[in-house]
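Chain letters run A, B, ... following the sequence lines, proteins first, then strands; residues in each count from 1. Note that the structure is a prediction, hence the values are computed from the model and not measured.
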Amino acid sequence: MTAALVIENLHKTYVRKAWLGKRVEKPVLRGIDLTLEEGKVLGLVGESGCGKSTLCKVILGIEPITSGTVQVAGVNINGLSTAKWRDLRRKMQVVYQDPYASLDPRFTVRQLVSEPLDIHKLYMDKSARENYLRELLNSVQLDVAFLDRYPHEFSGGQRQRIAIARALALEPQILIADEPVSALDVSVQAQILNLLKDIAQKRQLSMLFVTHDFAVARFLCDDIAVMHQGKIVEYAPAEELFAQPRQAYTQKLLSAVPTVPRGAL
Amino acid sequence: MTQAALTVQDLHLSFLTDEGALPVLRGLSYTLSPGKILAVVGESGSGKTVHALSILNLLPPNARVDQGKILYQGKNLLSMKSSALRRVRGRKIAMIFQDPQASLNPVLTVGEQLIETLRAHKRISKKTARKQAAELLTKVGIEEAEKRLEEYPFQFSGGMCQRVMIAMALALSPDVLIADEPTTALDVTIQAQILRLIKELQQQSGMAAIFITHNLAVAAQVADEVLVLYAGQCMEQAPASRLFSHPLHPYTQGLLGSLASVERKEERLPAITGNPPRPGEILTGCPFAPRCSHALKKCFETCPPLYEKDGCKVRCFLQEGK
Amino acid sequence: MNLRILKRIYKNKTSLCGLLLVAFFGAVALFAPMLAPVQNEHNPYQLPQSSYQITPQPPSADHWFGTTEQQYDLYYGIVWGARLAFKIGITVTALAFLIGLAVGGIAAYFGGKVDETLMRLTDVVFAVPSLVLAMVIAAMLGPDLKNMMIALTAVAWPSYARLVRGDILSVKQRNYVTAARTLGAGGPRIFLRHIVPNSIYPSVVVASLDIGYVVLTAASLSFLGLGAQPGTADWGQLIAMARNWVLGTPSNSLAYWYTVVVPGGAIFLFVLGWNLLGDAFRDILDPRQG
Amino acid sequence: MRRYILRRLCLLPLVVLGVTFLLFFLTQRLSPEMRASLYVKDPRQMGALEEVIREYGLRDNVFKQYGRWLVQVAHGDLGYSPSANMPVAQALKKYLPATIQLAVVTMILVVFFGVWFGAASAVHKDRWQDFIARFISVGGFSLPIFVLGLILLMIFYGKLGWFAPGGYSIQTDIIIHSSAFKTYTGFLLIDSLLNGDLRVFCDVFAHLVLPAVTLCIGSFALMVRVMRSSMLEELNKDYVRTARAKGLREYRVIYKHAGKNAIIPVITLAGIQFIRLLGGTVIVETIFDYPGIGRFGVLAAQQLDIAGILGFSLMVAVLFVIGNLFSDILYMAADPRIRLE
């Protein structure tokens, strides 16, 4: 069973060239080793500033790698040509945190979800395209009538569904979810979490789920990696980690999570 | 019953927009008993923040109080003269906000902003004010207070800024503290520390507090009593222990259900369908009816009153008989 | 989108009167041949001269606005001056905007060294006050209309370059642009479909309303004798001719008030109209600017 | 912070060089004879231009000539100006103080009234103060300087006889050039005070009023607009709400909290404004016959006096550089985030 995502000793340092050649270096990833098995959901949990979003950017090729290797679906992304990157996009897609910023305000839902199809020349026939779009919208529980509306006409939860539909358009094997529910209200958050869980199971997706909320991670993830200042401090199957967290940092994080006293519910 | 620290009576408030006045608060009433923390829980658009701002009349220009009173020591804050209200702000009723770094003036040192608060209400020299400011910082857990007074807000972390805000709020030991989502912007470890700090200081000083949040779990950490707000109306209000053990209103049950728990793995979250109403949406009947799985026909026609029974209030026809 | 803008303009009084002013001057410029019949065929901007008498004459039956020194008819000057103002304003703004769009676009799109050099170039042009640089260029090229327009364009494009570059850079960081990259879209596709529509639109509108400022600078150049030549229907030139008559006669110091007030008023109202319209569009498009 | 100043310091000479090259490149359009005046030391040489052309190789490629010209400028020799019939360097030295004096007085007017009106209009948004400020601001933008200048001249000097044009009256002229009057700084306003001669001070100031008022309208309009939008932005910020929640008096909330932050963009603008003023002096000094470098520049341009034009533009570019640096330092003093970066 080949792993969907293999990261070995990954380093990422942001370099700011100050005047007169003085270089200001800011290491963000300090040697990450991580593997995402196929069909599994890996939770990446950490506080703000631990580098989890940077890791997503590196995996998606938005930020260059300083050192170390990243293999996506068996392909090493270091120094990959744009053509090869384009093919890789069909295997790996992303859902971002801010539903208001990740959708172009001037595009209708139809244009948004069709963009990946136009780029990769899929379902170019008009009726096939229309049916596929309807199918995609249904898979994220969105009313087909929304196809010709603009993002500003939707709530946060609905926009995130549009973003998910767009990510699923290329039928990827790997989904990178960078804190997809953090910006949503609690009731809407639950709907999107259920949706992601169904999609992951139905499509046998391997998902890297980034979050700062342990409770959300416990609900959705099979394994969990705890990240702190650019390093993975603990990596274990979810139930094992929650049963007895080994690292002091993980224990500290877990004890700080506010819980609701469960009554008769 | 000792005199309430603060009473809100039938508060109606709306936003003035191009398309006319959008109602945001549709008759909110509650009493805050002294020495107690009341958590006001609501999702975005529920009107929880605008209600907090109306208490000290910090409303944006396009907000308008249509009806209702806010009583503090028998006087209605809403109709108070601005000079009188100014003596209440900060001295009797203090407030802390969600984004600590943005709530401090970036071009003034932390010391200046603390001293300014003290001297606004007390006739004391700069020197004594400075000493008291240092004590306040130490009290909220900031080391080397003397040195930190000279630093600017951008040299403080989010958690540290919130501690400064708390120090500023408690400078004149007010009777009531209003905290508008004070830990939402903070990491979970810092959030736990700030919640503990607020609880300790509240118990030491015996002041009352209104704690506004969208997260029931955070409310559970500090609240003595919880009020669940939805579309500008109180859906349920009860002592914390009862509300979490026996939630009566379907919305409260839905909220508790959709909150993923860190204690055990759930197969599926019993989420509430649909979306929270946009602020100002015109609603007939019970605002939660469209998303409620137990909704009866009459729920869509008339809005249920607030039934009250031994200290718990709930706005739902299902509770009519009980 | 546009209907909303028109509604907002209509509702806001100041922008409405801005619209009326611009429309009024537009009509005057359009119907110039009817309002003031052309005297000299091959150059309609040549002012008719009723005689060579030096002292300007006050407004009268056949010279509604009076005459300047050497009896150039002010009424004809104002009417055809409006057409010339539009001609100068539109050509210079359009040209300057295109250059600015190219320079700003290239600088923002490529970034790095290209961005640095292009921006330093704009800094150089910004280093000298626009009027001084225009004055110098006009002097070097020799004072006539075409050269003046070249000078004005050379001075106007850098502010557009900076405006366009700023807009593009801010949109470039937006999340939906990164999202497009992760969909596999190439650089040019992202630039044309996502970046340009979201960034250029506000700049185009704000830029088009700088016509007022361009006409103002053109008039200043003519006033200094470095733009239109005496006898052309250019407002700035008309005022230049009024300079020696400002102090009037020993008996009545305001004798020749009209030689300054009439062309001066024309420029003021023209530029005011564009500025009022510009403010309205700036508020509507970017309410945050307040 | 030092790094920030260092960066600005290295950048500015580049800009000045860029300006001079741009202008020098423009002069190439003209015939060598016309360009010869750049290299003339004294008037007698004006006759023998051919010799000057050969001597300075005015037919070589532009870069060589530019290099030679730069070296010459470095030695302070800017050539001879027929329009001012004196060497350019000397003309600049003679006229510069008057322009600086005018610009500084105008700047004080612009900053003081601009900030005051801008803040007032923001605080009383959409009330009468706001409409007046906005009308003055748009009006100021639209009213050409020379129209305003001529009208003011017509009314105040023509009709009422106050504020005569020119730099100073004839009597003052005699006093200034008399031996008793010592020039310390070259700025008449200051020198007259240092010499304790109040009459000269008042006379010079009287001649300054109309030009200053005319010059400040455009910049004042811009300052009001920037201060207004900056103040509006700050007033909506969270820390202003905190200040009110603390029970501070309203004026303290507005001026100490919001004002202190709102003034920062105004300061950076002040540097750029100073340069716009120099642009304005060109017209104002011409209308009011005020003996500054602006008038010198216009005469040079009108008579196509190449040396004069280049010398004038160079001086303006240098003033720009100094003005920019000055506003940067002011900016750092006002904003701790930059100062302690």
Participant: Is the closest basic N to carboxylate O distance between Asp238(D) and Arg241(D) below 4.0 Å?
Facilitator: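 Here Asp238(D) pairs with Arg241(D) in a salt bridge, since their nearest N and O are under 4.0 Å apart.
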Participant: Would you name the heavy atoms of Tyr290(D) and Pro211(D) that are closest together and state the gap between them?
Facilitator: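 Nearest heavy atoms, Tyr290(D) then Pro211(D): CD1-CG, 4.4 Å.
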Participant: If you look at every heavy atom in Gln101(B) and Ser157(B), which pair is closest and at what distance?
Facilitator: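 Nearest pair, atom of Gln101(B) first, then Ser157(B): NE2-C, 3.9 Å.
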Participant: Of the backbone (N, CA, C, O) and the side chain (C-beta and beyond), which part of Leu108(B) lies under 4.5 Å from a heavy atom of chain D, both, or neither?
Facilitator: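 Only the side chain of Leu108(B) comes within 4.5 Å of chain D.
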Participant: Is Lys48(B) paired with Asp180(B) through a side-chain N to carboxylate O contact shorter than 4.0 Å?
Facilitator: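 No, this pair does not count.
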Participant: Using non-hydrogen atoms and a 4.5 Å limit, figure out which bit of Ile96(B) sits close to chain D: side chain, backbone, both or neither.
Facilitator: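 Neither; nothing under 4.5 Å.
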Participant: Measure Ala94(B) against the heavy atoms of chain D and call it side chain, backbone, both or neither at under 4.5 Å.
Facilitator: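 Ala94(B) has no heavy atom closer than 4.5 Å to chain D.
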Participant: For the interface with chain D, which of Leu56(B), Thr117(B), Leu172(B) has the highest count of heavy-atom pairs at distances below 4.5 Å?
Facilitator: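 Top count of heavy-atom pairs under 4.5 Å with chain D: Thr117(B).
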Participant: Which atom names give the shortest non-hydrogen contact between Cys161(B) and Pro100(B), and what distance separates them?
Facilitator: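 Heavy-atom minimum between the residues: CB-CB, 3.6 Å.
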Participant: Kindly give the heavy-atom pair with the smallest separation between Val24(B) and Gly47(B), and that separation in Å.
Facilitator: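 Residues Val24(B) and Gly47(B), closest heavy atoms: CG1-CA, 3.8 Å.
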Participant: If you take the centroid of each ring, where Trp contributes its six-membered ring, are His51(B) and Tyr30(B) closer together than 6.0 Å?
Facilitator: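 Yes.
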Participant: Is Arg252(D) close to chain B through its backbone or its side chain, or both, or neither, when contacts mean heavy atoms under 4.5 Å?
Facilitator: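 Contact with chain B: side chain only.
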Participant: Of the backbone (N, CA, C, O) and the side chain (C-beta and beyond), which part of Gln98(B) lies under 4.5 Å from a heavy atom of chain D, both, or neither?
Facilitator: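 No part of it gets close to chain D.
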Participant: Do you know which of Pro174(B), Ala120(B), Ser103(B) has the most heavy-atom pairs under 4.5 Å to chain D?
Facilitator: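 Ranked by contacts with chain D, first place is Ser103(B).
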Participant: So which atom in Ala5(B) and which in Tyr72(B) form the shortest heavy-atom distance, rounded to 0.1 Å?
Facilitator: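 Minimum heavy-atom contact is O-CD1, 3.3 Å.
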Participant: Which one of Glu250(D), Arg249(D), Glu234(D), Lys256(D) has the most heavy-atom pairs closer than 4.5 Å to chain B?
Facilitator: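 That would be Arg249(D).
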Participant: Let me know if Gln113(B) has heavy atoms under 4.5 Å from chain D in its side chain, its backbone, both or neither.
Facilitator: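 Both the backbone and the side chain of Gln113(B) come within 4.5 Å of chain D.
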Participant: Give, as side chain, backbone, both or neither, the part of Lys237(D) having an atom under 4.5 angstrom from any heavy atom of chain B.
Facilitator: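 Neither the backbone nor the side chain of Lys237(D) comes within 4.5 Å of chain B.
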Participant: Where on Ala243(D) is there a heavy atom nearer than 4.5 Å to chain B: the side chain, the backbone, both, or neither?
Facilitator: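 Nothing of Ala243(D), per the 4.5 Å heavy-atom cut-off to chain B.
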